Amino acid sequence: MIRAVRGTRDLLPPETALWNYVETMVREVFRVYNFQEIRTPIFEETQLFARSVGEETDIVSKEMYTWEDRGRTASDKGQSLTLRPENTAGVVRAYIEHKLWDRGLNKLYYIGPQFRRERPQKGRYRQFYQIGAEVIGPPTAGSESPARDAELLELLATLLDRLGIADWCLQLNSVGCPNDRAAYNEALRKALEPVVSNMCVDCQRRAVTNPLRVFDCKVPEDQPIIDKLPRISHYLDEPCRNHFDEVQQILKAVGVPFTINDRLVRGLDYYTRTAFEFTHGALGAQNAILGGGRYDGLSESLGGPKAPGIGFAIGEDRLVLALQQTAESVQCKPDVYIAPLGAGMNAEAAKLARELRRQEVVVELGDETFRLKKSLETASKLGARFALIVGENEVKSGAFALKNLSTGDQVAVPRDGLTDEIRSRVQKL
RNA sequence: GUGGGAGUAGCUCAACUGGCAGAGCACCGGACUGUGGCUCCGGACGUUGUGGGUUCGAUUCCCAUCUCCCACCCCA
């Protein structure tokens, strides 16, 4: 048997209804905030990700699906291509390629699959779905303003609330600009040097490879040491500090709750200044439902003009997971089950189905070979509200038996005005 | 990539220290030839994830492999 490959999965009904609900709601919220959709290819030149996400990150160094494309001729080597592990790089590439700065501030969103070759786990798949947004443009369009950060965060709070995600928690931090971070990294290294030998093996490794990661440590014995380490907030330069303050002020003004988490460090190289994460309990270890931040230097590092930006990505798989904890699955139920009864009734049933569906009545169509018992059984199993019996007697008399499946009441409805009668009965409930 | 747990009917799970692979739900049919839900009766259900090994005999023990789950790493 051929099965879905490791880390990929089929989304089946009724779960797909929940996905559609999420995506419909998301699009509606984006519309109100005046965002527009962008769709970029699911594969790009490998270089794009290497240069934006960062060569040294786990994503680029070991998680990408990369292959050599065939060249056009024998001597032509072909290029290295990669399935997108995230979507910000692609959006910024499109921004540069299509000179989107001519449009001023771009407020873009996307919904689509991303690919990372990680070990699968609950809430973590090799093909996973992200709903993301990017606000990017020339500084003169206001792209650098803390107002953009706050607007995006407020949008997210609204979105989660409207989706019915009960208890989310917004964690906020500023990672400063590259200069700040270099100075901070240095200070952190120095502070760790004398104490690191008392810490867990993971921390000892992190202290060398990536000191910031020490803050992710969950070993209780290490916490007192970690608490005494210097924080990035003390190493922000004045513009960065002011920017961060302003973001917080606006959030308070609009009433979006947040907690400052000066241990929050985003992994991707391109992040600057505002970094954030929305977490949700009941998701296990993969409790980050979405994350994002500002990337003021990304466009330039990809050869574009100065184009500060900020964005986020929601893990749609995790969002759906969180919704499944609370919401009961809503299954689509037909209004009417049409039960053709006996040879030659399929055609008449199809005609009626067509008429009803044109009136927006949800119709499930049975088959003339079914006995009536089976038809009604099927109808009630599907949760249909009415069954419409289309048999010889009905055709002869010109009146069709309409049975209310919850009460058991049955009436004869004349062929003339039948669809109107059914539609009004359906709407009444 | 590392460590641990688990894979048995469509689903949820049984099967003692190795001895004929079972139950509930779901499915199909009948009781009831054009009237569902309730009830009763019957039916079909499986290379026990896969491949090796030990054994008279393996769902059970051993090895390998695949997949899922939990955690690490990291991220959404």
Side-chain angles (χ1 to χ4, degrees), chain A residues 1-9 12 53-54 56-63 84-88 111-132 156 200-203 205-206 209-210 212-213 216-219 264-268 271 276-280 283-293 311-322 337 339-342 345 366 368 370-394 400-410:
Chain A
M1 182 176 54
I2 298 177
R3 307 198 295 176
V5 304
R6 183 175 166 81
T8 69
R9 59 191 182 139
L12 306 171
V53 176
E56 302 305 317
T57 60
D58 281 8
I59 292 176
V60 171
S61 65
K62 51 191 192 199
E63 294 173 2
R84 63 186 187 195
E86 57 100 51
N87 218 332
T88 301
I111 299 174
Q114 319 290 338
F115 306 85
R116 292 182 200 170
R117 201 180 179 291
E118 295 182 273
R119 181 113 168 209
Q121 205 176 318
K122 193 174 209 64
R124 168 185 287 173
Y125 306 96
R126 290 184 168 184
Q127 174 173 336
F128 60 104
Y129 294 81
Q130 285 190 331
I131 298 166
L156 283 165
C200 67
V201 284
D202 284 334
C203 282
R205 181 180 41 75
R206 293 179 181 122
T209 58
N210 193 350
L212 287 175
R213 288 275 155 228
D216 287 337
C217 179
K218 281 146 199 156
V219 177
L264 177 69
V265 183
R266 310 255 78 230
L268 281 48
Y271 282 120
F276 57 88
E277 200 169 278
F278 282 68
T279 55
H280 182 79
L283 279 185
Q286 261 55 56
N287 68 343
I289 208 166
L290 72 92
F312 65 78
I314 302 171
E316 192 174 2
D317 306 78
R318 292 179 188 177
L319 186 64
V320 169
L321 216 51
Y337 184 95
L341 191 62
M345 290 299 134
E368 65 182 25
F370 292 176
R371 298 189 325 178
L372 184 56
K373 172 183 162 58
K374 177 171 175 174
S375 286
L376 292 176
E377 215 171 76
T378 307
S380 54
K381 230 178 280 178
L382 289 170
R385 294 145 80 182
F386 295 95
L388 182 67
I389 299 167
V390 181
E392 225 174 307
N393 298 347
E394 280 74 14
F400 290 76
L402 181 68
K403 178 162 190 170
N404 183 323
L405 287 169
S406 50
T407 63
D409 298 340
Q410 187 167 319

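Keep in mind that what you see is a predicted model, and the values were worked out from it rather than measured. The chains referred to below are lettered A, B, ... by the order of the sequence lines, with proteins before strands, and numbering in each begins at 1.
Across all strands shown, A:Gly383 has no heavy atoms under 4.0 Å from either base or sugar-phosphate atoms. Backbone-only engagement by A:Ala288 is indicated by non-hydrogen atom pairs under 4.0 Å involving sugar-phosphate atoms exclusively. Among the protein residues, A:Arg9 comes within range of no part of the nucleic acid, since none of its heavy atoms lies under 4.0 Å from any strand. Within 4.0 Å of A:Glu277, counting heavy atoms only, lies no atom of the nucleic acid at all.
Going from atom CZ of A:Arg117 over to atom C1' of B:C74 covers 15 Å, rounded to whole Å. In this structure, the CG atom of A:Asn287 is 11 Å from the C1' atom of B:A76, given to the nearest Å. Straight-line distance from the CG atom of A:Leu321 to the P atom of B:C69: 10 Å, rounded to whole Å. Between the CD atom of A:Glu63 and the C1' atom of B:C75 there is a distance of 7 Å, rounded to whole Å. A:Ile289 has its CD1 atom 9 Å from the C1' atom of B:A76, to the nearest Å. A:Leu264 places its CG atom 13 Å from the C1' atom of B:A76, with the value rounded to the nearest Å. Atoms CZ (A:Phe278) and C1' (B:C75) sit 17 Å apart, rounded to a whole Å. The distance from atom CD1 of A:Ile59 to atom P of B:C73 is 16 Å, rounded to the nearest whole Å.
Shown here are the side-chain hydrogen bond (donor to acceptor under 3.5 Å, both in side chains) partners of A:Gln127, two or more places apart in sequence or in another chain: A:Tyr129.
Nearer the 5' end of RNA chain B, as judged by each residue's closest nucleotide, is the contact made by A:Ala4, out of A:Ala4 and A:Gly123. Take the nearest nucleotide of RNA chain B for A:Lys62 and for A:Gly291: the residue whose nucleotide is more 5' is A:Lys62.
Nucleotides B:C40 and B:A26, compared at atom P, are 12 Å apart to the nearest Å. Taking the C1' atom of each, B:G30 and B:G46 are spaced 26 Å apart, rounded to whole Å. When the P atom is used for both B:U8 and B:A15, the distance is 14 Å, rounded to whole Å. Here, B:C11 and B:C68 have their C1' atoms 16 Å apart, quoted to the whole Å. Comparing the P positions of B:A14 and B:A76 gives an interatomic distance of 38 Å, to the nearest angstrom. Taking atom P in both B:G22 and B:C62, the straight-line distance is 25 Å, to the nearest Å. With both ends at atom P, the span from B:G3 to B:C56 equals 35 Å, rounded to whole Å. Atom C1' of B:G34 sits at a distance of 22 Å from the matching atom of B:U39, rounded to the whole Å.
Between A:Leu376 and A:Ala387, the shortest heavy-atom distance links the atoms CD2-CB, 3.7 Å. Scanning all heavy atoms of the two residues, the minimum distance from A:Ala288 to A:Arg318 falls at O-NH1, 2.9 Å.
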Structure string for RNA chain B in dot-bracket form, Watson-Crick and G-U at under 3.5 Å, | interchain: (((((((..((((.....[..)))).(((((.......))))).....(((((..]....))))))))))))....
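Side-chain to base pairing of A:Arg3 with B:U67: no donor and acceptor N or O lie closer than 3.5 Å to each other. Side-chain N/O atoms of A:Arg124 and base N/O atoms of B:C74 include a donor-acceptor pair closer than 3.5 Å.
A distance of 12.0 Å separates CZ of A:Arg385 from OG1 of A:Thr407, quoted to the nearest 0.5 Å. Considering CG of A:Leu290 and CD of A:Gln130, their distance stands at 10.0 Å, rounded to 0.5 Å. Put simply, CG on A:Leu388 and OH on A:Tyr337 are 12.0 Å apart, with the number rounded to the nearest 0.5 Å. Atom CZ of A:Phe312 and atom OG1 of A:Thr88 lie 10.0 Å apart (nearest 0.5 Å). In this structure, the separation between CD on A:Gln114 and CZ on A:Arg116 is 7.5 Å, given to the nearest 0.5 Å.
In terms of phosphate contacts, A:Arg119 brings no side-chain nitrogen or oxygen within less than 4.0 Å of OP1 or OP2 of B:C69. Proximity of A:Gln121 to the phosphate of B:C69: no side-chain N or O atom is located under 4.0 Å from OP1 or OP2. Of the side-chain N and O atoms in A:Arg6, one or more sit less than 4.0 angstrom from OP1 or OP2 of B:U67.
Under a cut-off of 6.0 angstrom, the local environment of CD in A:Glu392 is sparse, with at most 12 non-hydrogen atoms contributed by other residues, nucleotides or ligands.
You'll find that the side chain of A:Arg318 is closest to B:A76, out of B:U67, B:A76, B:C73. Checking B:G1, B:C68, B:C70 against every side-chain atom of A:Pro120, the shortest atom distance belongs to B:C68.
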Tabulated below should be each protein N or O lying under 3.5 Å from an N or O of nucleotides 34-39 of chain B; please produce it.
unit_1, atom_1, unit_2, atom_2, d
B:G34, O6, A:Asn393, N, 2.7
B:G34, O6, A:Asn393, OD1, 2.9
B:G34, O6, A:Asn393, ND2, 2.6
B:G34, N1, A:Asn393, ND2, 3.3
B:G34, N1, A:Glu394, OE1, 2.9
B:G34, N1, A:Glu394, OE2, 3.3
B:G34, N2, A:Glu394, OE2, 2.7
B:U35, O2, A:Lys403, NZ, 2.9
B:U35, O2, A:Gln410, OE1, 3.2
B:U35, N3, A:Gln410, OE1, 2.8
B:U35, N3, A:Gln410, NE2, 3.2
B:U35, O4, A:Gln410, NE2, 2.7
B:G36, O2', A:Ser380, OG, 3.2
B:G36, N7, A:Lys403, NZ, 3.0
B:G36, N1, A:Leu405, O, 2.3
B:G36, N2, A:Leu405, O, 2.6
B:G37, N2, A:Leu405, O, 3.3

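Residues A:Arg9 and A:Asp317 are in side-chain contact: their nearest non-hydrogen atoms beyond the backbone lie under 4.5 Å apart. A:Leu341 has its side chain out of reach of A:Asn393: every pair of non-hydrogen atoms, C-beta onward, lies at least 4.5 Å apart.
When atom types are taken as modelled, the side chain of A:Arg126 and the backbone of A:Glu118 share a donor-acceptor pair closer than 3.5 angstrom.
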